[in-house]
Amino acid sequence: MAGGREKEKKPKASASGGGKKKEVKKETGLGLSHKKDENFGEWYSEVVVNGEMIEYYDISGCYIIRPWAISIWETMQKFFDEEIKKMKIQNCYFPLFVSPTVLQKEKDHIEGFAPEVAWVTKSGETDLEIPIAIRPTSETVMYPYYSKWIRGHRDLPLKLNQWCNVVRWEFSNPTPFIRSREFLWQEGHTAFATKSEADEEVLEILELYRRIYEEFLAVPVIKGKKSELEKFAGGLYTTTVEAFIPNTGRGIQGATSHCLGQNFSKMFDITFENEKGEKAMAWQNSWAYTTRTIGVMVMVHGDDKGLVVPPKVASVQVIVIPVPYKDADTQGIFDACNATVETLSEAGIRADADFRDNYSPGWKYSHWEMKGVPLRIEIGPKDLANNQVRAVRRDNGAKIDLPRGSLVERVKELLDEIQQSLFVAAKQKRDACIQVVKTWDEFVEALGQRKMILAPWCDEEEVEKDVKARTKGEMGAAKTLCSPMEQPEIPEGTKCFASGKPAKKWTYWGRSY
């Protein structure tokens, strides 16, 4: 856990705080050199490094994920893993490597991934007779074995998940967490006897993804369905949780849950004998979320002081900082800090203290603000005398004096308030960016204002392609983000904003990551 090695269990100090003076760093030069509203890209690159989330690696598009970020991933992983186990989904692990013959078995699928596939072509100095692909996703890795394991209806459902890394050799605009050549994810692959079972699971998993974003990361998302053009290559339909970044005016696909239908069953001969003794094809799903979740959290909540980490996923929820003045009872302050950490930790709150004596309290404030710790507790001579602590919220800077007697209850309340407040603020910002349009002119104007656009659409692929072509520019083309599950009513006679044909659904449009 970050900050762990910085803590000394029982620091010693003389009662007067005297003794040989150490050089203390008072400067608080930890600030970011770019502002979120002025240069978002540079701000983001800076905040993920200075906040100790990632370190750049010597291969472009690859990043070292540091403990501060991995702990967030582990919190989400624990929640999701427990939930899918309740659904009788089991974890497994399949190899990283894929043979070319298997990879190319599903034509639409591989065409969708072909530009991103990385290949192993050598062993030492020797060229391999047959190159081996590194998985961009695992449908083609796993399904030959589903064919082997599924024989009769009693073998269904088969529900597997793996936590692993995948490689997609992205060349355009690599961005930490958002778009990288290697990333961590979970990928679930399930097979059922009936379509209704598959459909039900797609939505169950999608709801878990919504909970990860909204309940843990405090990021509002829209549950929806992807268009035929934007769906998973080779699948029947794709559902998504879609987030939006107000600063850039771009949508971002948060996580996807796909119904693959029977397409892969045909290709990989995943058949079973049903209860009537007839041969039938399995219905399949695949679903995944990735470390992109962490990047979305940073983009939505971060500010000009650094990261803002929601309490539910923060590895340190409370940082305790001693503030000894000259001639103060330094040992008493240190003891109070230790006691505070102990009390909070025993109550299940993730607390730590920063006793480093070569940094001033002001420097420490900036350091832990940069790392986004939700709540800071300061203890100085006045707090010691009044049997209280001073709490400072990371999300809004509010300062509150808390009596030590009710410390645990008040800290728990504050952490809940911060979690809720972050979600409400993010939703208000997101909602302010949503614009309903009815005509092409309104659409173009809203796109220029970096809005997330809700428009009536005729649901025709050619019209979607035409919108992409007509909006191409330096900022990138507009596309469908999703058609929301909760559809507003379409008044009779409503026309598609782009084609003038009768509208069939409401769809979110915009630029995206």
Side-chain angles (χ1 to χ4, degrees), residues 61-62 89-124 126-152 155-171 180-193 195 198 201-202 205 230-238 256-273 279-290:
C62 297
I89 294 161
Q90 296 177 297
N91 284 326
C92 63
Y93 186 78
F94 279 74
L96 177 67
F97 303 113
V98 199
S99 70
T101 48
V102 170
L103 188 66
Q104 286 153 9
K105 203 159 190 174
E106 210 299 313
K107 187 172 161 287
D108 289 341
H109 178 68
I110 190 52
E111 276 179 9
F113 284 101
E116 302 172 342
V117 177
W119 294 88
V120 178
T121 57
K122 283 192 166 207
S123 167
T126 311
D127 289 338
L128 294 183
E129 195 175 323
I130 300 169
I132 294 168
I134 299 173
R135 62 173 171 229
T137 178
S138 298
E139 281 77 6
T140 56
V141 180
M142 298 168 88
Y143 296 167
Y145 299 91
Y146 279 42
S147 172
K148 182 179 179 181
W149 299 334
I150 295 168
R151 286 281 176 258
D155 298 324
L156 291 170
L158 177 59
K159 302 199 276 190
L160 300 180
N161 174 70
Q162 64 174 357
W163 296 92
C164 63
N165 62 338
V166 283
V167 173
R168 295 182 186 174
W169 211 249
E170 302 268 14
F171 283 94
S180 57
R181 285 178 165 163
E182 180 191 6
F183 54 85
L184 302 181
W185 75 349
Q186 60 67 219
E187 53 175 325
H189 295 270
T190 53
F192 300 91
K195 182 175 184 290
E201 187 202 63
V202 164
I205 294 293
E230 294 292 330
K231 74 177 184 181
F232 184 70
L236 182 61
Y237 65 85
T238 290
T256 46
S257 182
H258 316 285
C259 179
L260 303 178
Q262 295 178 310
N263 190 23
F264 285 88
S265 296
K266 283 176 196 163
M267 298 300 158
F268 291 92
D269 191 29
I270 304 173
T271 56
F272 65 99
E273 192 176 281
K279 189 177 179 183
M281 278 186 300
W283 291 87
Q284 290 180 267
N285 293 337
S286 72
W287 28 269
Y289 80 94
T290 77

Ignoring hydrogens, what is the shortest heavy-atom contact between [X] and [Y]? Give both atom names and the distance.
X	Y	value
G234	F264	O-CE1, 3.5 Å
C259	A198	SG-CB, 4.4 Å
A282	A191	CB-CB, 4.3 Å

Distance check, rounded to the nearest 0.5 Å: [X] atom [atom1] versus [Y] atom [atom2]?
X	Y	atom1	atom2	value
I150	Q284	CD1	CD	7.0 Å
L260	N285	CG	CG	6.5 Å
L236	K231	CG	NZ	6.0 Å
I270	S147	CD1	OG	6.5 Å
W283	F192	CH2	CZ	12.5 Å
M142	L158	CE	CG	8.0 Å

Using side-chain heavy atoms (C-beta onward) and a distance below 4.5 Å, is [X] in contact with [Y]?
X	Y	value
Q90	N161	no
W119	P100	yes
Q186	W287	yes
S123	L128	yes
S99	I130	no
F97	V141	no
D155	F272	no

Any donor-acceptor N/O pair, [X] side chain to [Y] backbone, under 3.5 Å:
X	Y	result
S286	G188	no
S257	V202	yes
R181	C62	no
Q262	M281	yes
Q162	N91	no
R168	V117	no
R135	N165	yes

When you compare the side chains of [X] and [Y], does any donor N or O come within less than 3.5 Å of an acceptor on the partner?
X	Y	value
T190	E201	yes
H189	Y146	no
T238	H258	yes

Open item on the list: Determine whether D127 and T121 satisfy the following criterion, side-chain contact (heavy atoms from CB on, under 4.5 Å), listing intermediate values before the conclusion.
Closed with: CA-CA 6 Å; D127 289 338; T121 57; 5.7 Å; no
TODO: Apply side-chain contact (heavy atoms from CB on, under 4.5 Å) to the pair W163 and L184, showing each step before the final yes or no.
DONE: CA-CA 8 Å; W163 296 92; L184 302 181; over 6 Å; no
Open item on the list: Using the rule given for side-chain contact (heavy atoms from CB on, under 4.5 Å), can you reason through Y93 versus C164, listing the C-alpha separation, both sets of side-chain angles and the distance that settles it, and then say yes or no?
Closed with: CA-CA 8 Å; Y93 186 78; C164 63; 3.8 Å; yes
- [ ] Apply the test side-chain contact (heavy atoms from CB on, under 4.5 Å) to residues V102 and F268: give CA-CA distance (whole Å), side-chain angles for both, the deciding distance (0.1 Å), then the verdict.
- [x] CA-CA 9 Å; V102 170; F268 291 92; 4.2 Å; yes
TODO: Take the angle between the ring planes of F94 and W149 and call it parallel below 30°, perpendicular above 60°, tilted in between.
DONE: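 Ring orientation, 0 to 90° scale: tilted.
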TODO: Can you establish whether the number of heavy atoms outside K122 located under 6.0 Å from its atom NZ is more than 12?
DONE: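 Count over threshold, so yes.
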